Amino acid sequence: MLTIGLDVGGTGARAALARDGDIIATTSTDRPTRIGSGGVDAGNAIAVLTPLVRGLITDGAGPVGAIAAGLTGFALLGDDLRVRLPQALAEATGAATVVLCSDMLTSYAGALGLRGGAVVAAGTGAVALGSDWQGAWQRVDGWGYLLGDAGGGSWLGRAGMQAALRAADGRPGGSDRLLAALIEQYGDPVALVRDLAGRDDRAGVMAGFVPAIAAAAAAGDPVAGDLLADAGTQLATSALAALPPGAPPEIAYTGNLFQAGPALWGAFHDLVSAGATLLKPAGTAVDGALRLAQGAAAGSLPPNAPLHLTRTR
């Protein structure tokens, strides 16, 4: 049986075609899927994704049993898109079953597989998802850079910028090394603050300061090292909190932020390992989407899974 997995973000999408679980073709696009205050742009999502999946199907490949797409902004999918997108994907591929879900669920299935436990994802933002695989699901954080995403890239970058500004003011807790890095990367601090206030991508701009924090920590800056360790602690706390009662005490992780430095990883590793078994991620979000597609085709998805499933025939 053929299945298709999609990982759809705000800066592009990746797709894979598998036969009986083995990937036989992959493709990707840098075209963004637009997400605004009104939700995911239906016409844009269809225009981006249908040619992407159509390009995976070759003559004689056979019928597609199921397709699963993990989308950034899944919570903002309107009723219209929940109908139109599955129809468009089914028409483009001939899929009998279409699954739409959050990219966090595909990350979960990719990192941990189709079983219970928890996965924490840390990039610009931070969110954890856990399940006992019997019907209980628990999401922790992912509240966005203004009120949450503790330990994520924007959270950490902002903390580093604040330490730089404390040094500029002569307040305790500042870092002269981070102040120098901030000026080198962004210029005048006053101009940076003014610029951030008017930008729509301020979360990404703040996350862009993480490499400077990592470099400062590697050079022995104690403030930067403490910030990384605090981020690791926050991520571990979210991961452990995502385990529902009765779930296997197993936690996997995903996201580039875990490469920010040994202080972050050490704090994360030690706290998680004190309460659960820490596992290396088994695969990517595309792998997770393929696993969800296979589970949907076989009728073996767990109850109450946070997804939208459409049977086209």
Side-chain angles (χ1 to χ4, degrees), residues 7-10 35 70-77 101-112 116-133 136-162 201-210 213 226-245 247-261 263-279 281 285 288 304-307:
D7 176 35
V8 185
I35 304 171
L71 301 99
T72 297
F74 173 72
L76 298 176
L77 291 182
C101 64
S102 165
D103 54 354
M104 183 60 225
L105 181 57
T106 51
S107 292
Y108 177 106
L112 196 58
V119 174
V120 58
T124 298
V127 61
L129 180 67
S131 177
D132 64 357
W133 220 246
W137 293 85
Q138 197 148 296
R139 173 183 173 274
V140 174
D141 210 343
W143 295 118
Y145 75 97
L146 285 175
L147 299 176
D149 289 355
S154 62
W155 181 95
L156 177 57
R158 178 174 56 189
M161 290 177 172
Q162 289 171 335
D201 62 343
R202 60 181 69 93
V205 173
M206 291 188 293
F209 196 53
V210 169
I213 300 171
D226 287 346
L227 291 176
L228 288 175
D230 192 13
T233 298
Q234 296 290 340
L235 294 170
T237 299
S238 293
L240 290 166
L243 286 170
E250 296 180 333
I251 290 173
Y253 55 93
T254 183
N256 292 332
L257 194 66
F258 287 103
Q259 302 173 20
L264 187 152
W265 174 254
F268 174 78
H269 174 277
D270 292 349
L271 184 53
V272 169
S273 298
T277 300
L278 183 59
L279 303 175
N304 302 324
L307 52 81

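In this chain, numbering begins with 1 at the start of the sequence shown. The model shown is predicted, which means the values in this text are computed figures rather than measured ones.
- Counting only heavy atoms from C-beta outward, the side chains of W137 and L105 approach each other to under 4.5 Å.
- Pairs of residues two or more places apart, or lying in two chains, that qualify as side-chain hydrogen bond (donor to acceptor under 3.5 Å, both in side chains) and include a residue from residues 249-260 are R115-E250.
- The minimum heavy-atom distance linking M206 with M161 is given by the pair CA-CE, 3.9 Å.
- Between G153 and L257, the shortest heavy-atom distance links the atoms N-CD2, 3.7 Å.
- The shortest heavy-atom contact between P248 and S131 is CD-O, 4.4 Å.
- The two atoms that bring I213 and L156 nearest to each other are CD1-O, 3.3 Å, heavy atoms only.
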| side-chain contact (heavy atoms from CB on, under 4.5 Å) between T124 and Y145, worked out | CA-CA 8 Å; T124 298; Y145 75 97; over 6 Å; no

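- In this structure, S102 OG and L71 CG are separated by 8.5 Å, a value rounded to the nearest 0.5 Å.
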Below 3.5 Å, can you tabulate the donor-acceptor pairs from side chains in residues 228-242 to any protein atom, sequence neighbours excluded?
unit_1 : atom_1 : unit_2 : atom_2 : d
T233   : OG1    : A229   : O      : 3.1
T237   : OG1    : T233   : O      : 2.8
S238   : OG     : Q234   : O      : 3.3

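- Distance alone, capped at 3.5 Å, places no donor-acceptor pair between the S154 side chain and the G125 backbone.
- No side-chain heavy atom of D132 sits less than 4.5 Å from a side-chain heavy atom of Q138.
- Annotation: the span from L243 atom CG to L129 atom CG amounts to 10.5 Å, rounded to 0.5 Å.
- Ring geometry for W133 versus Y108: interplanar angle under 30°, hence parallel rather than tilted (30 to 60°).
- Contact annotation: the side chain of D141 approaches that of D149 to within less than 4.5 Å [non-hydrogen atoms, C-beta and beyond].
- Between G160 and L227, the closest heavy-atom pair is CA-CD1, 3.7 Å.
- Residue V210 comes nearest to A260 through the heavy atom pair CG1-CB, 4.2 Å, listed as atom of the first residue, atom of the second, then distance.
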